[in-house]
Structure formats: C-alpha cells, structure tokens
Amino acid sequence: MLLAQGEAFDALFREAKREAFHLEVRDDYYPPDYPPLVRFLNNEPEDYRWFQPWLDRVRETTNRGVAVNRARVVTVPHNDYTRYAKHVAHLNVEAGEDVRYLPRHLINPDELTVDDWWIFDDSVIAFTVFEPGENGKWLGGAVTTDPRIVAYIRTVKERVWSMATPLSEYSEP
C-alpha cells in the first residue's frame, strides 16, 4: 500500500470515472474542543469557510458525472459529534454528495470493516489513515488495488449502502 496525501489523494477524485464512495465507522473524528463542534453545541453562528475546499471537491467531482456517496455507521443514541456531523451533512448534500446513515446495531460487526475507507470506481481502495490516538488528525489514504481486498470492500459497501437511510429520511431511532 502507498500513502496518498494532499495532491495524490485529490487525484483519486479527479481520476474517478463513476463513483467515489466513503464508509465512516467511527463515532468521533475530532476532540470535544474542536471549534466548529463547540460552536454547534453552543448554537453559535458558523460560516463553514473551513469546509469549502471539501464542498468544492464534491461539486467538481459530481459536475463531471461522478457520484460521491458516503455511508456513516453510527451508534445510537447519537453522541455530540454524530449530531454535529448530521447537521453539517446538509452542506454535503447541497454540493452533490449522497449521505446515508446506518445505526450500528442494525448490522453485524463482522459484516463491517474496523477502518474507514474510500473506494473509487469499485477498483481502488484508500484506507483512511489517522494520526495515532483517539481523535488523531487525518493523514491521507493507504491505497491498494489488491483484487482480494477490493472484492471484500465491494461486498461491505454493497451491504452497508443497501441498509443505509438517506440523510433526508434519517432520524435517530
């Protein structure tokens, strides 16, 4: 596997022809003092400037006819981060991303991966790499095209996506 960071990771989106699919399985991605999360919890205004580069990437990708899909496997009841991410996800959807949710208790843990990942065109996997620690910073993607890994990830993707609920229809059970 090769670690793709920065421009190399961005290139995975530019090279995609049909789909960029992301699976998220963690319940937290930032520490409790993460400023946008704190603003959300305090019901303070947010301009989301920090989020614009991602939204631009989604628009650029979807404008080329490439689907950007995300499935989040979440614990119920939702923690503060999940409620925050769900709130922000409307921006993802407005940019063209299809975001769906799957309560963790509805899927057997053996049918999931323990890592987050992207799969591009059902053929290139980028396992999400974080700094060590509970809420480590995102570092990039460990990329592989190993056919056995790709086949397994495709199976997980299809299972999760078929069970997940679109953001517009999802409410905490």
Side-chain angles (χ1 to χ4, degrees), residues 1-5 8-30 54 57-58 61-62 64-79 81-86 88-93 95-173:
M1 286 192 209
L2 199 58
L3 182 61
Q5 299 176 291
F9 189 79
D10 294 346
L12 295 169
F13 288 88
R14 286 193 304 278
E15 294 165 6
K17 304 278 189 265
R18 295 179 315 283
E19 181 188 35
F21 180 94
H22 189 41
L23 177 69
E24 295 180 355
V25 296
R26 295 171 52 161
D27 282 321
D28 287 295
Y29 289 88
Y30 294 98
W54 171 251
R57 180 180 302 140
V58 170
T61 304
T62 57
R64 291 188 301 105
V66 176
V68 179
N69 298 321
R70 177 186 310 261
R72 290 179 168 153
V73 179
V74 295
T75 299
V76 175
H78 294 163
N79 65 14
Y81 179 81
T82 299
R83 289 186 305 106
Y84 161 73
K86 186 174 178 268
V88 173
H90 76 276
L91 298 171
N92 298 63
V93 172
E97 190 172 345
D98 187 347
V99 180
R100 298 185 183 194
Y101 283 81
L102 175 60
R104 190 175 310 282
H105 67 275
L106 296 180
I107 188 166
N108 182 328
D110 294 336
E111 296 177 328
L112 280 175
T113 57
V114 295
D115 296 308
D116 291 6
W117 40 261
W118 284 92
I119 183 169
F120 299 89
D121 295 335
D122 284 335
S123 62
V124 177
I125 311 295
F127 287 98
T128 307
V129 178
F130 297 97
E131 286 179 343
E134 186 176 332
N135 294 305
K137 178 183 168 191
W138 178 83
L139 295 176
V143 177
T144 183
T145 57
D146 180 297
R148 291 168 296 156
I149 295 172
V150 168
Y152 174 71
I153 293 299
R154 286 177 63 187
T155 299
V156 173
K157 171 193 152 190
E158 291 164 9
R159 181 180 305 116
V160 169
W161 195 245
S162 71
M163 296 174 69
T165 303
L167 175 65
S168 63
E169 300 169 23
Y170 179 76
S171 62
E172 182 176 357

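Side-chain atoms are counted along with the backbone in the values below, which use heavy atoms only and exclude waters and symmetry mates.
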(request) Begin from the C-alpha positions of R26 and Y81 and carry the test side chain to side chain contact (heavy atoms under 4.5 Å, CB included) through to its verdict. (result) CA-CA 10 Å; R26 295 171 52 161; Y81 179 81; over 6 Å; no
(message) Could you go through F130 and D116, starting from their C-alpha distance and side-chain angles, then the distance that decides it, and tell me whether this counts as side chain to side chain contact (heavy atoms under 4.5 Å, CB included)?
(response) CA-CA 10 Å; F130 297 97; D116 291 6; 4.2 Å; yes
(request) Assess whether side chain to side chain contact (heavy atoms under 4.5 Å, CB included) is satisfied between Y170 and R72, documenting all intermediate values. (result) CA-CA 11 Å; Y170 179 76; R72 290 179 168 153; over 6 Å; no
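Using bins of under 30°, 30° to 60° and over 60° for the plane-to-plane angle, the ring pair H22/W118 lands in the parallel bin.
Using modelled atom types, no side-chain atom of N92 and backbone atom of E97 make a donor-acceptor pair closer than 3.5 Å. Looking at D121, its side chain never comes within 3.5 Å of a backbone N or O of A16 through a donor-acceptor pair. Checking side-chain atoms of R104 against main-chain N and O of P109 turns up no donor-acceptor pair under 3.5 Å.
Of all heavy-atom pairs between G140 and L3, the closest is C-CD1, 4.1 Å. In plain terms, the two heavy atoms of A126 and G141 that are nearest each other are CB-CA, 4.2 Å. Here the closest non-hydrogen pair linking V99 and A89 is CG1-CB, 4.2 Å. The two residues V66 and E19 make their nearest non-hydrogen contact at CG1-N, 3.6 Å. Closest of all the heavy-atom pairs between L112 and V160 is CD2-CG2, 3.6 Å.
Taking OH of Y84 as the start and CG of N79 as the end, the distance is 13.0 Å to the nearest 0.5 Å. Taken from CG in L106 to CD in E111, the straight-line distance is 11.5 Å, to the nearest 0.5 Å. If you take CZ on R70 and CG on L23, they are separated by 10.5 Å, rounding to the nearest 0.5 Å. Distance CZ/F13 to OG1/T62: 11.5 Å, rounded to 0.5 Å. In this structure, CD in E172 is found 10.5 Å from OG1 in T75, a value given to the nearest 0.5 Å. Separation of atoms CD1 (I149) and CZ (F127) is listed at 5.5 Å; rounding is to 0.5 Å.
Among residues at least two apart or in separate chains, ring pair (Phe, Tyr, Trp, His ring centres under 6.0 Å) pairs with a member in residues 144-168 are F21-W161.
In this structure R100 satisfies the salt bridge (charged side-chain N to carboxylate O under 4.0 Å, His left out) test together with D98, sequence neighbours excluded.
A 4.5 Å side-chain heavy-atom check between V150 and R148 finds every atom pair outside the cut-off.
Salt-bridge check for R18 with D122: failed, with every basic side-chain N at 4.0 Å or more from each acidic carboxylate O.
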